[in-house]
Amino acid sequence: MAIGLPDSLGVFKFQVSHQGNKIRTLSILQFNNAIIAPQYYAALKDFYSQLVEKQSEKIVLVKI
């Protein structure tokens, strides 16, 4: 999964994978500008909301 900010200001990438009996999560948060202009604050708020929601999801293990 990937979530991007408008005008390539930043991106959040989240990946879950498994190998054998191990679960691996990879989370990358990248900003391309040090300062975000006020017109992007609403988008930034939504971006962080989605980021927190994704990282708060539970991983459900099912025995097959």
Side-chain angles (χ1 to χ4, degrees):
M1 162 186 182
I3 305 168
L5 282 169
D7 297 333
S8 300
L9 292 173
V11 68
F12 169 69
K13 297 177 184 176
F14 187 80
Q15 180 180 11
V16 177
S17 61
H18 67 87
Q19 289 181 322
N21 64 348
K22 296 186 182 198
I23 297 173
R24 177 181 171 195
T25 61
L26 176 64
S27 181
I28 299 171
L29 177 61
Q30 174 186 343
F31 287 102
N32 298 322
N33 290 9
I35 299 172
I36 305 229
Q39 69 258 27
Y40 295 111
Y41 285 179
L44 185 64
K45 182 178 178 181
D46 183 51
F47 177 80
Y48 269 104
S49 175
Q50 291 180 44
L51 184 149
V52 169
E53 182 179 331
K54 189 64 181 171
Q55 289 189 328
S56 300
E57 286 182 355
K58 294 186 180 348
I59 298 174
V60 178
L61 304 176
V62 178
K63 187 173 183 178
I64 300 175

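- Other members of the cluster containing I64 do not exist, because no ILVMFWY side chain is joined to it at under 4.5 Å.
- Think of I28 as one node in a network of Ile, Leu, Val, Met, Phe, Trp and Tyr side chains linked at under 4.5 Å; its network also takes in L26.
- Applying the salt bridge (charged side-chain N to carboxylate O under 4.0 Å, His left out) rule to pairs touching residues 54-64 yields K54-E57, sequence neighbours excluded.
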Would you give me the side-chain donor-acceptor pairs under 3.5 Å for residues 9-23, sequence neighbours excluded?
none

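- Applying the side chain to side chain donor-acceptor pair (under 3.5 Å) test to every pair with at least one member in residues 23-37, sequence neighbours left out, gives these pairs: S27-Q55, Q30-N32.
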Could you list the donor-acceptor pairs under 3.5 angstrom formed by side chains in residues 34-53, with sequence neighbours left out?
residue: Y40; atom: OH; partner: D7; partner atom: OD2; Å: 2.2
residue: D46; atom: OD2; partner: Q50; partner atom: NE2; Å: 2.9

